[in-house]
Amino acid sequence: MSQPVFPPLLSGHPVQGGEDPFERAQAMAALGCEAGSVVYNIQADRLRVAIVFAPEVPLQDAMAMLPLCAVGFQNALGALAPPEVAVHLGWDGLICVNGAKCGAFRVAAASNAPKAEPDWLVVGWELALMQTSVAPGETPDVTALYDEGCAEVSPVQLVESWSRHMLTWLNRWQEDGNAPLHGEWMGLLRGVGEPCETGVFLGTDERFGMLIRDGAETHLRPLTELLENG
(Lines give C-alpha, C1' and ligand atoms only; values in the text may rest on other atoms or scores of the structure.)
Protein backbone atom coordinates (compact mmCIF):
# COMPACT_ATOMS: atom_id res chain seq x y z
CA MET A 1 0.00 0.00 0.00
CA SER A 2 1.28 3.44 -0.88
CA GLN A 3 1.73 5.97 1.90
CA PRO A 4 -0.07 9.33 2.05
CA VAL A 5 1.69 12.38 0.67
CA PHE A 6 1.23 15.40 2.94
CA PRO A 7 1.28 19.11 2.11
CA PRO A 8 4.22 21.26 3.22
CA LEU A 9 4.11 22.05 6.97
CA LEU A 10 2.93 18.49 7.71
CA SER A 11 5.05 15.35 8.10
CA GLY A 12 3.77 11.78 8.05
CA HIS A 13 4.68 9.10 10.60
CA PRO A 14 3.16 5.66 9.92
CA VAL A 15 2.71 3.09 12.70
CA GLN A 16 1.86 -0.57 12.28
CA GLY A 17 -0.20 -3.32 13.83
CA GLY A 18 -2.18 -2.45 16.90
CA GLU A 19 -0.26 0.72 17.77
CA ASP A 20 -2.53 3.69 18.44
CA PRO A 21 -1.51 6.87 16.57
CA PHE A 22 -3.24 9.00 19.21
CA GLU A 23 -1.04 7.58 21.97
CA ARG A 24 2.09 7.74 19.81
CA ALA A 25 1.40 11.37 18.86
CA GLN A 26 1.09 12.35 22.52
CA ALA A 27 4.39 10.65 23.32
CA MET A 28 6.07 12.38 20.39
CA ALA A 29 4.60 15.74 21.43
CA ALA A 30 5.83 15.31 25.00
CA LEU A 31 9.34 14.71 23.62
CA GLY A 32 9.16 17.92 21.60
CA CYS A 33 8.35 16.78 18.06
CA GLU A 34 7.48 19.41 15.48
CA ALA A 35 3.94 20.72 15.13
CA GLY A 36 2.27 19.27 12.07
CA SER A 37 3.43 15.72 12.76
CA VAL A 38 0.71 13.37 11.51
CA VAL A 39 0.75 9.82 12.89
CA TYR A 40 -1.41 7.30 11.10
CA ASN A 41 -2.27 3.60 11.05
CA ILE A 42 -4.05 2.23 7.98
CA GLN A 43 -5.48 -1.26 8.53
CA ALA A 44 -7.91 -3.34 6.51
CA ASP A 45 -10.84 -2.64 8.81
CA ARG A 46 -10.06 0.79 10.27
CA LEU A 47 -8.16 4.01 9.78
CA ARG A 48 -6.60 5.95 12.66
CA VAL A 49 -4.92 9.34 12.44
CA ALA A 50 -3.57 11.91 14.92
CA ILE A 51 -1.95 15.31 14.50
CA VAL A 52 0.24 17.34 16.85
CA PHE A 53 -0.39 21.07 17.30
CA ALA A 54 1.78 23.58 19.17
CA PRO A 55 -0.80 26.20 20.20
CA GLU A 56 0.21 29.82 20.66
CA VAL A 57 -3.08 30.63 22.38
CA PRO A 58 -4.68 29.56 25.69
CA LEU A 59 -6.11 26.06 25.82
CA GLN A 60 -9.71 27.29 25.80
CA ASP A 61 -9.03 28.85 22.39
CA ALA A 62 -6.75 26.08 21.12
CA MET A 63 -9.62 23.60 21.61
CA ALA A 64 -10.96 24.98 18.32
CA MET A 65 -8.59 22.48 16.71
CA LEU A 66 -11.07 19.70 17.53
CA PRO A 67 -14.00 21.08 15.49
CA LEU A 68 -11.50 22.36 12.92
CA CYS A 69 -10.12 18.86 12.31
CA ALA A 70 -13.66 17.44 12.31
CA VAL A 71 -14.92 19.94 9.73
CA GLY A 72 -11.84 19.21 7.63
CA PHE A 73 -12.71 15.51 7.81
CA GLN A 74 -16.32 16.08 6.80
CA ASN A 75 -15.21 18.22 3.86
CA ALA A 76 -12.66 15.59 2.80
CA LEU A 77 -15.00 12.60 2.97
CA GLY A 78 -17.79 14.64 1.41
CA ALA A 79 -15.53 15.35 -1.57
CA LEU A 80 -14.51 11.70 -2.04
CA ALA A 81 -17.75 9.86 -1.26
CA PRO A 82 -20.75 9.55 -3.59
CA PRO A 83 -23.04 12.59 -3.36
CA GLU A 84 -25.83 10.70 -1.61
CA VAL A 85 -23.60 9.88 1.38
CA ALA A 86 -24.32 12.15 4.36
CA VAL A 87 -21.53 12.90 6.83
CA HIS A 88 -22.38 14.59 10.14
CA LEU A 89 -20.54 15.31 13.38
CA GLY A 90 -21.34 15.05 17.08
CA TRP A 91 -20.32 17.70 19.60
CA ASP A 92 -18.46 15.02 21.54
CA GLY A 93 -16.41 13.97 18.50
CA LEU A 94 -18.78 11.44 16.95
CA ILE A 95 -18.49 10.80 13.20
CA CYS A 96 -21.76 9.72 11.58
CA VAL A 97 -22.20 8.42 8.05
CA ASN A 98 -25.79 8.19 6.80
CA GLY A 99 -27.03 8.62 10.37
CA ALA A 100 -25.03 5.79 11.99
CA LYS A 101 -21.86 5.93 14.08
CA CYS A 102 -18.80 5.30 11.92
CA GLY A 103 -15.94 6.77 13.97
CA ALA A 104 -14.93 9.42 16.46
CA PHE A 105 -12.54 12.25 17.25
CA ARG A 106 -10.42 12.51 20.40
CA VAL A 107 -8.35 15.29 21.92
CA ALA A 108 -5.57 15.54 24.50
CA ALA A 109 -3.29 18.37 25.65
CA ALA A 110 -0.21 18.87 27.79
CA SER A 111 -2.38 20.43 30.52
CA ASN A 112 -6.04 21.08 31.22
CA ALA A 113 -5.79 24.68 32.49
CA PRO A 114 -8.19 26.59 30.19
CA LYS A 115 -6.39 29.94 30.37
CA ALA A 116 -2.84 28.60 30.07
CA GLU A 117 -1.03 28.00 26.79
CA PRO A 118 -0.42 24.24 26.48
CA ASP A 119 2.93 22.98 25.19
CA TRP A 120 1.07 20.71 22.78
CA LEU A 121 -2.38 19.57 21.74
CA VAL A 122 -3.18 16.35 19.86
CA VAL A 123 -6.34 15.65 17.88
CA GLY A 124 -6.96 12.08 16.78
CA TRP A 125 -9.67 10.37 14.78
CA GLU A 126 -10.70 6.83 13.97
CA LEU A 127 -12.94 5.59 11.17
CA ALA A 128 -14.36 2.09 10.69
CA LEU A 129 -13.73 0.93 7.13
CA MET A 130 -15.26 -2.54 7.41
CA GLN A 131 -17.49 -4.08 10.05
CA THR A 132 -15.94 -7.09 11.73
CA SER A 133 -19.05 -8.04 13.72
CA VAL A 134 -20.49 -11.47 12.97
CA ALA A 135 -23.99 -9.98 12.81
CA PRO A 136 -23.73 -6.29 11.85
CA GLY A 137 -27.50 -6.12 11.32
CA GLU A 138 -27.96 -6.32 15.10
CA THR A 139 -26.39 -2.86 15.52
CA PRO A 140 -28.11 -0.64 12.91
CA ASP A 141 -26.85 2.49 14.67
CA VAL A 142 -23.23 1.47 13.97
CA THR A 143 -21.78 1.29 10.47
CA ALA A 144 -18.55 1.24 8.49
CA LEU A 145 -17.47 3.32 5.54
CA TYR A 146 -17.55 0.53 2.98
CA ASP A 147 -21.09 -0.46 4.03
CA GLU A 148 -22.32 3.01 3.07
CA GLY A 149 -21.45 2.95 -0.62
CA CYS A 150 -17.89 4.20 -0.13
CA ALA A 151 -15.90 1.13 -1.16
CA GLU A 152 -14.09 3.23 -3.77
CA VAL A 153 -12.80 5.70 -1.16
CA SER A 154 -9.12 4.97 -0.59
CA PRO A 155 -7.93 5.41 3.01
CA VAL A 156 -4.69 6.93 1.69
CA GLN A 157 -6.65 9.44 -0.38
CA LEU A 158 -8.87 10.22 2.59
CA VAL A 159 -5.90 10.99 4.85
CA GLU A 160 -4.36 13.19 2.15
CA SER A 161 -7.63 15.02 1.49
CA TRP A 162 -8.26 15.51 5.20
CA SER A 163 -4.80 17.02 5.69
CA ARG A 164 -5.40 19.53 2.90
CA HIS A 165 -8.90 20.51 4.05
CA MET A 166 -7.69 20.75 7.65
CA LEU A 167 -4.86 23.11 6.63
CA THR A 168 -7.27 25.25 4.64
CA TRP A 169 -9.47 25.65 7.72
CA LEU A 170 -6.44 26.26 9.92
CA ASN A 171 -5.33 29.13 7.70
CA ARG A 172 -8.85 30.54 7.68
CA TRP A 173 -9.11 30.25 11.46
CA GLN A 174 -5.79 32.06 11.89
CA GLU A 175 -6.98 34.87 9.63
CA ASP A 176 -10.66 35.17 10.55
CA GLY A 177 -11.03 33.64 14.01
CA ASN A 178 -13.76 31.23 15.11
CA ALA A 179 -16.75 32.69 13.26
CA PRO A 180 -16.43 30.99 9.82
CA LEU A 181 -15.49 27.66 11.42
CA HIS A 182 -18.36 27.97 13.91
CA GLY A 183 -20.83 28.55 11.10
CA GLU A 184 -19.63 25.52 9.14
CA TRP A 185 -19.55 23.27 12.19
CA MET A 186 -23.04 24.23 13.33
CA GLY A 187 -24.35 23.18 9.94
CA LEU A 188 -22.87 19.71 10.41
CA LEU A 189 -23.73 19.06 14.07
CA ARG A 190 -26.20 16.34 14.98
CA GLY A 191 -28.85 16.82 17.64
CA VAL A 192 -29.18 20.62 17.73
CA GLY A 193 -32.61 21.46 19.09
CA GLU A 194 -33.14 17.92 20.35
CA PRO A 195 -33.21 16.47 23.88
CA CYS A 196 -29.89 15.33 25.35
CA GLU A 197 -28.98 13.73 28.67
CA THR A 198 -29.49 16.85 30.78
CA GLY A 199 -31.88 19.01 28.76
CA VAL A 200 -32.13 20.32 25.20
CA PHE A 201 -29.05 20.87 23.03
CA LEU A 202 -29.38 24.48 21.89
CA GLY A 203 -26.15 24.74 19.90
CA THR A 204 -22.71 26.05 20.81
CA ASP A 205 -21.21 29.29 22.06
CA GLU A 206 -18.45 31.22 20.28
CA ARG A 207 -15.81 28.84 21.71
CA PHE A 208 -17.73 25.75 20.56
CA GLY A 209 -18.96 24.92 24.07
CA MET A 210 -22.23 22.97 24.28
CA LEU A 211 -25.24 25.04 25.37
CA ILE A 212 -27.92 23.01 27.14
CA ARG A 213 -31.34 24.33 28.19
CA ASP A 214 -32.60 22.72 31.37
CA GLY A 215 -35.96 24.22 32.23
CA ALA A 216 -35.43 27.96 32.69
CA GLU A 217 -31.65 27.65 32.91
CA THR A 218 -28.95 27.33 30.24
CA HIS A 219 -25.77 25.40 31.05
CA LEU A 220 -22.44 25.41 29.24
CA ARG A 221 -20.20 22.40 28.68
CA PRO A 222 -16.83 23.71 27.47
CA LEU A 223 -14.91 21.69 24.90
CA THR A 224 -12.15 21.20 27.48
CA GLU A 225 -14.46 18.59 29.09
CA LEU A 226 -13.54 16.30 26.19
CA LEU A 227 -9.82 16.27 27.00
CA GLU A 228 -8.59 12.75 27.68
CA ASN A 229 -5.59 13.75 29.77
CA GLY A 230 -3.81 16.74 31.23
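All values below were derived from every heavy atom in this structure, side-chain atoms included, with hydrogens, water molecules and symmetry-related copies excluded.
- The shortest side-chain heavy-atom distance between L202 and V192 does not fall under the 4.5 Å cut-off.
- Distance CD/E175 to CG/N171: 6.5 Å, rounded to 0.5 Å.
- Side-chain contact between P14 and Q3 is present, with heavy atoms from C-beta onward closer than 4.5 Å.
- Nearest heavy-atom pair, L129 versus P155, reported as atom, atom and distance to 0.1 Å: CD1-CG, 3.9 Å.
- Counting heavy-atom neighbours within 6.0 Å of E84 CD, excluding the residue itself, gives a total above 12.
- Taking the side chain as every heavy atom from C-beta outward, V85 and V97 approach each other to under 4.5 Å.
- In this structure, CG in D176 is found 10.5 Å from CG in L181, a value given to the nearest 0.5 Å.
- Note: F6 and Y40 have tilted aromatic rings, judged against thresholds of 30 and 60 degrees for the angle between ring planes.
- A heavy-atom distance below 4.5 Å is found between the side chains of L68 and M166.
- By the 6.0 Å contact criterion, CD on E34 is open, its count of non-hydrogen atoms from other residues, nucleotides or ligands being 12 or less.
- In this structure, T168 contributes its side chain and R164 its backbone to a donor-acceptor pair below 3.5 Å.
- Annotation: side chain of F53 is in contact with side chain of I51 (closest heavy-atom distance under 4.5 Å).
- Taking each heavy atom of A64 and W173 in turn, the nearest pair found is CB-NE1, 3.7 Å.
- Within the 4.5 Å cutoff, no side-chain heavy atoms of V49 are placed close to those of V39.
- Counting heavy atoms from C-beta outward, E160 and V5 have side chains that approach closer than 4.5 Å.
- Residue P58 comes nearest to P118 through the heavy atom pair C-CD, 4.2 Å, listed as atom of the first residue, atom of the second, then distance.
- The hydrophobic clustering, which links ILVMFWY residues whose side-chain heavy atoms are closer than 4.5 Å, places V159 and L80 together.
- Counting heavy atoms from C-beta outward, W185 and T204 have side chains that approach closer than 4.5 Å.
- Between F105 and W125, the ring planes lie tilted relative to each other; the angle falls in the 30° to 60° range.
- The environment of CD in E56 is sparse: at most 12 heavy-atom neighbours from other residues, nucleotides or ligands sit within 6.0 Å.
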